[in-house]
Amino acid sequence: MTGEFVIAIVKTIVAVSTLMTLAALLTWAERKQSAVMQDRIGANRAAILGFRAIGLFHIIADAIKMMTKEDFVPPFANRFIHSLAPFLAIFPAIVAFAAIPMGDTVTLFGHTVEMRLAPMNIGFLFIFAMASVTVYAIVLGGWSSNNRFAMLGAMRAAGQMISYELALGLAVVGSVMVYGTLDLMEIARAQTGLFAGFLPNWGIIYQPLGFLLLITASIAETKRAPFDIPEAESEIIGCFLEYSGMKFGMFFMAEFVTTVVVAGLVSTLYFGGYQVPYLMADGFHLPFGLFLVTPAALVPWLQFGAFWIKVVFFCWLLLTIRWTLPRFRYDQLMHLGWKILLPLALFNVAATGAWILAAA
Amino acid sequence: MLTQHRQTWLERIYLPEVLRGLSVTVHHFTRNLSLHIAHAAGLKKNVPAAVTIPYPDVPADLMPRFRGMHRLTRKANGTVACTACLCCETACPCHAIDIVPEAVDDRAIEKRPKSFEIDLSKCSFCGFCVEACPVDAIRMDTGIFDVAMDSRAGLVWGREALMGNEQGEGMEVYPPIDREDLAPRAREVSRS
Ligand code: SF4
Ligand code: SF4
């Protein structure tokens with residue numbers, strides 16, 4: 001019992017610190033990547049002892065700035081709710097990660113450890129439940145700020161997130177039907193082996209449309225461009241208009257943590273999760289009969305690394321999309337959500353059902 | 001007449017256009033990233049990976065007609081060329097110039113500025129003062145634009161400072177300029 005408790009704590013510390021480190025690195029990547037994409041240099045002025053480390057110290061500089069700034073609560077704002085909203089933003093983003101498997105089970109010091117924070121068989125529902133909670137953060141943040149613009153921004157943001165949650169939920173129903181489970185670990189396990197003899201047996205092969213729908217809807221869930229209407233800093237200022245210091249920082253971090261979670265979800269559902277292509281329990285089975293032996297003890301760690309590589313790749317992809325596409329107008333956003341994504345998601349469900357029936 | 005571009009079917013389904021946009025940005029990303037890496041390894045130094053001018057580290061490229069900080073020119077004998085006619089003060093739309101004239105016995109001069117102050121916190125760097133001056137006594141060709149002070153008082157530059165005779169508060173950047181040094185500090189812009 002104590003052993004399990006210790007394992008749970010160690011797992012949590014490792015996973016959450018990896019998650020937060022990756023999210024912090026994303027603030028750096030966001031600046032540097034956008035700069036490289038736009039032929040610029042990007043933030044590089046923060047230096048320690050004249051050593052600039054390609055702008056990495058800006059993460060520390062940002063953190064110091066956020067923490068030492070005045071924590072301003074507007075007059076006549078509801079102080080309790082105003083302080084609660086940032087926590088509601090970042091907490092669900094972090095705990096949603098608990099359902100995502102980072103690797104298969106390993107045996108450590110005689111204990112069987114599942115490389116996932118919360119062994120649960122309702123992974124999807126948990127993630128979507130947590131994603132829904134962030135709507136409260138936005139609405140409460142905008143409403144409690146005693147500012148009309150924050151309120152308007154929050155209303156728009158709530159409209160966006162609720163609309164896209166529908167498409168998000170329906171997009172994964174296809175995967176649930178294919179694998180017959182809500183357990184993300186089971187889904188990742190099912191993606192082992194090969195498809196048609198040479199392709200990794202990844203979910204994207206069965207659910208290409210589901211992948212497109214999920215990535216579109218989940219960018220909307222992360223509240224980043226082209227769906228950054230909740231923030232929309234250049235038009236109406238969004239729901240965190242009246243936030244400063246670390247409270248704003250928490251909203252800001254929540255975006256990046258959600259990006260990592262979405263990257264994890266997408267790679268788990270459609271890109272094999274922790275599966276390394278062609279790697280089985282005993283070694284690499286390459287096509288055309290090539291075989292490469294790997295020590296069995298190494299396999300789970302290779303898979304752990306593969307998972308994070310996939311996550312980093314999808315974070316990169318999400319940042320690239322964020323820096324490529326301009327923001328949707330609100331009517332375009334609603335049009336896309338309700339008239340395109342939702343019917344397509346329903347079509348995907350129906351087509352998947354028909355395909356399963358035909359295959360059976 | 002403005003004709004609206006009617007979107008084709010392919011454009012309206014949006015996805016191909018998204019992919020086209022992504023291919024542009026990803027192309028820039030990979031190209032610049034590999035150039036950055038090559039630069040770090042000491043290769044391909046002649047191909048720039050970014051258009052950024054790392055300004056405080058290298059001086060900014062200024063156009064020859066760039067309007068920078070003002071200066072007061074001198075006569076051949078080194079005294080201030082300004083005759084205190086107040087044309088510039090009158091022309092200034094921002095009331096940034098404050099001149100106190102004084103009479104001198106010299107019949108050739110008659111009048112000169114006792115004090116000549118430009119308040120940079122008001123100045124909009126429009127250049128009207130330069131246009132207005134009948135004797136080419138005020139110019140904006142120093143190429144200095146990075147004047148930042150920690151006090152408002154430091155933004156008021158007096159006669160001697162404008163002539164480059166003294167270093168005012170926060171004026172380390174201001175080089176002394178003499179009559180011969182009329183060539184603008186602004187360098188020719190090399191645009192390749
Ligand atoms: S540049 Fe324009 S605003 Fe500045 S002192 Fe001259 S006339 Fe006045
Ligand atoms: S216009 Fe020229 S000469 Fe007249 S006061 Fe101004 S600087 Fe002096």
Side-chain angles (χ1 to χ4, degrees), chain A residues 28-47 50-56 208-209 211-217 219-220 225-227 312-329 332-333 335-337 339-341 343-344 347, chain B residues 2 4-62 145-148 150 173 189-192:
Chain A
W28 168 80
E30 165 122 313
R31 290 172 171 175
K32 277 303 202 188
Q33 188 187 333
S34 63
V36 172
M37 279 164 59
Q38 299 170 352
D39 300 353
R40 294 184 286 115
I41 294 179
N44 66 351
R45 307 305 300 180
F51 186 59
R52 284 186 181 168
I54 48 175
L56 275 170
L209 184 59
F211 164 68
L212 280 178
L213 294 171
L214 179 71
I215 205 156
T216 316
I219 294 172
F227 301 100
V312 167
F313 172 78
F314 279 103
C315 288
W316 173 84
L317 187 69
L318 290 172
L319 287 194
T320 310
I321 293 173
R322 185 248 176 280
W323 284 100
T324 301
L325 302 178
R327 180 186 311 135
F328 283 110
R329 228 169 39 217
Q332 292 171 328
L333 181 98
H335 178 83
L336 182 68
K339 292 192 180 164
I340 300 177
L341 288 191
L344 275 180
F347 168 77
Chain B
L2 187 73
Q4 252 186 339
H5 167 66
R6 285 192 75 84
Q7 289 183 320
T8 60
W9 185 78
L10 270 184
E11 283 169 344
R12 263 183 290 131
I13 61 168
Y14 205 62
L15 199 59
E17 292 296 303
V18 169
L19 293 179
R20 207 157 66 92
L22 280 177
S23 75
V24 171
T25 46
V26 171
H27 169 234
H28 272 256
F29 179 77
T30 44
R31 174 187 167 275
N32 292 335
L33 190 65
S34 30
L35 277 173
H36 277 302
I37 293 169
H39 289 184
L43 302 165
K44 288 230 179 190
K45 286 274 190 194
N46 51 343
V47 190
V51 294
T52 312
I53 300 165
Y55 151 63
D57 300 337
V58 303
D61 265 338
L62 301 178
F145 58 90
D146 39 6
V147 193
D150 49 17
V173 288
V189 184
S190 54
R191 297 213 175 261
S192 48

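Naming convention: chains lettered A, B, ... in sequence-line order (proteins, then strands); numbering from 1 in each chain. Keep in mind that this is a model prediction, so the values were computed, not measured.
Using a 4.5 Å heavy-atom cut-off against chain A, the contacting residues of residues 26-35 of chain B are B/V26, B/H28, B/F29, B/N32, B/L33. Taking 4.5 Å as the heavy-atom cut-off, the residues of residues 13-22 of chain B that approach chain A are B/Y14, B/L15, B/V18, B/G21, B/L22, ordered by number. Contact annotation for residues 4-11 of chain B against chain A (heavy-atom separation below 4.5 Å): no residues qualify.
Counting non-hydrogen atoms of other residues, nucleotides and ligands closer than 6.0 Å to CZ of A/F347 gives a total of 12 or fewer. Heavy atoms from other residues, nucleotides or ligands lying under 6.0 Å from NZ of B/K45 number more than 12.
In this structure, the separation between OG1 on B/T52 and CZ on A/R40 is 7.0 Å, given to the nearest 0.5 Å.
Only the side chain of A/L325 comes within less than 4.5 Å of a heavy atom of chain B; its backbone N, CA, C and O stay farther away. For a residue to count as touching a neighbouring chain, one of its non-hydrogen atoms must lie under 4.5 Å from one of that chain's; by this rule A/I321 touches chain B with backbone and side chain alike.
For the salt bridge (Lys or Arg N to Asp or Glu O under 4.0 Å) test, residues two or more places apart in sequence or in another chain that qualify with A/R327 are A/D228, A/E233, A/E235.
With a 4.5 Å cut-off on side-chain heavy atoms, B/H36 and A/V36 count as touching.
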